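Convention: sequence-line order gives letters A, B, ...; per-chain numbering from 1. Just so you know, these numbers use all the heavy atoms, side chains as well, and skip hydrogens, waters and symmetry mates. Treat the numbers as computed from the prediction; the structure is a model and nothing was measured.
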There are 2 protein chains.
Amino acid sequence: MQGFAKKVEAKSLVDAVTERLEEAIIGGELAPGERIREQTLAASLGVSRGPLREAIRRLEGRRLLDRKINFGVRVAELSPQKLDDLLTVREALEGIACRIAADRMSDAEIDEMRRLLDGHAEQREVRSGEGYYVESSDFDFHSRIAASTQNELLTSMVTGDLYDLLRVYRYKSSTMAGRAAQALEEHRAILDALAARDPELAEQSMRTHIRNARKHAKLALEKAAAAAPAAE
Amino acid sequence: MQGFAKKVEAKSLVDAVTERLEEAIIGGELAPGERIREQTLAASLGVSRGPLREAIRRLEGRRLLDRKINFGVRVAELSPQKLDDLLTVREALEGIACRIAADRMSDAEIDEMRRLLDGHAEQREVRSGEGYYVESSDFDFHSRIAASTQNELLTSMVTGDLYDLLRVYRYKSSTMAGRAAQALEEHRAILDALAARDPELAEQSMRTHIRNARKHAKLALEKAAAAAPAAE
DNA sequence: TTAGTGTAAATTGTTGACACTTTATCGTAT
DNA sequence: ATACGATAAAGTGTCAACAATTTACACTAA
């Protein structure tokens, strides 16, 4: 048996189409509320309607698409309420993940997290105190904590389904802008609690972090809604 | 417009097949790990493979089915670890739901919950202190709390996807047996916290309740595994 | 004008057939 | 006997056509 670093996994058309659609929705190529015509989309993707419909069923389950019988498929609508709901769910899940991480994360992993945050501190967006926290950096921090729980369900929710949903909002609106510096401080507080092996404090720090993000997003969206009251 | 109490909603074959499969998996008609042949199953359901495959894609997302490319579909395997993971996630979600409920549930709803629990106390299984809490009663209690949050995402996770997953374990093993009396007491403690409008206590009571269920299930499954070590 | 009706076009719902992959079986050579 | 390879069978992956439903539009009547 030869050892390859990364095995090339066979993919079906359904897998490929699912990923492509996911990307299109998150990246805004397909706008929220936009109707999808199966024939048209299938043709433009170069596949038949079969695999496309299967991919759509999957994305329905992830709440990225919405199908009404005998009418068709729409890209999920966004709303401040839905984002608030989503972040409430994330607060609960990431909170308990962080609690568990305080027990299970190894010293080496904690050291590496420390270096990670030091790297983030060098980023332009964070130093200026404005702008976004670089998305991949933020994801890295949160996903390491989730992964350390060794809870496959919890991890896949936080880094998978629920993360995709969050990214839709990240792209469409500047829900997270101007919070980079504070977010880094909160990340540091979380890491300190992990390093102290304090589950209670770890959970509370993470919950505070996400609650703050939620409040910030709420304000940003309300301000945006006031500026352009037409768009529902 | 004439008023009908309940509108008959149009259902596609995919919807019907999804529900039927869900029922079959939860009820044990399809055993964990069992392989599904599309042609055979489609024929026995009286539909073609198209709608069946779409239904399967949905249930994949709910972790009730598992597909390996070019091999086929299997009913999800169970394991003590997976149940533990699931109950950890539920602890987090129902915990925060209960916290929110302490603020949002109306006095009338709380009164009704009280009557609900008084009814449960009369049930044979609870009075004897052994046996299961009647499933629909338990579901009713938990789902009212979730619904009162008015958080659609949270509610649908707790009463939908994650509940179906839990039911698979409920059916296959007596994970919840012999805890009826204690569960009722815990339900009462939760309701007291809600009535007192104490969010912190409400969350803690719910988390304790689910954590106890998790520990109980863990012991039950380990005992079962010790008795029949062959079954993985 | 407006409401209502009926037809045509567009779109989704469903099916059966074909292509490709994997697995099982049998035969052959060592 | 065992390992290897070819072949057949079974099952999944994909597609294109047909059926059913909804929507758009024109036409008619009050």
Audit row: B:V168, B:L64, side-chain contact (heavy atoms from CB on, under 4.5 Å) steps and yes/no:
CA-CA 9 Å; B:V168 180; B:L64 290 174; 3.8 Å; yes
Given atom [atom1] of [X] and atom [atom2] of [N], what is their separation to the nearest angstrom?
X     : N      : atom1 : atom2 : value
A:R37 : D:dT23 : CZ    : C1'   : 11 Å
B:K11 : D:dT21 : NZ    : C1'   : 19 Å
B:R67 : D:dG11 : CZ    : C1'   : 11 Å
A:Q39 : C:dG13 : CD    : C1'   : 12 Å
A:L52 : D:dA16 : CG    : C1'   : 15 Å
A:I36 : C:dT11 : CD1   : C1'   : 14 Å
B:E54 : C:dT15 : CD    : P     : 11 Å
B:L13 : D:dA19 : CG    : P     : 16 Å

Hey, does [X] reach any base, or is it just sugar-phosphate, or nothing, if we go heavy atoms under 4.0 Å?
X     : answer
B:P51 : base
A:G50 : nothing
A:E38 : sugar-phosphate

Taking atom types as modelled, find out whether [X] and [Y] have a side-chain donor-acceptor pair closer than 3.5 angstrom.
X      : Y      : answer
B:H187 : B:H209 : yes
A:R63  : B:S156 : yes
B:S148 : B:R104 : no
B:T18  : B:D15  : no

Using a 3.5 Å limit on both distances, find every run of at least three consecutive Watson-Crick or G-U pairs that involves DNA chain D.
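Looking at DNA chain D, the stems formed by three or more consecutive pairs are C:1-30 with D:1-30.
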For A:R53, is there an ion pair with A:E38 - N to carboxylate O distance below 4.0 angstrom?
yes
Can a salt bridge be assigned to the pair B:E22 and B:R167 using a cut-off of 4.0 Å between side-chain N and carboxylate O?
no
Under 3.5 Å, side chain of B:E34 to main-chain N/O of B:A31, donor-acceptor pair present?
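Judged by distance alone, yes, a pair lies under 3.5 Å.
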Does B:R74 use its side chain to pair, donor to acceptor, with the backbone of B:G33 at less than 3.5 Å?
yes
Using atom names, set out every protein N or O paired with an N or O of nucleotides 18-25 of chain C below 3.5 Å, distance rounded to 0.1 Å.
| residue | atom | partner | partner atom | Å |
| --- | --- | --- | --- | --- |
| C:dT21 | O3' | B:N70 | ND2 | 3.3 |

Below 4.0 angstrom from OP1 or OP2 of D:dG13, is there any side-chain N or O of B:R53?
yes
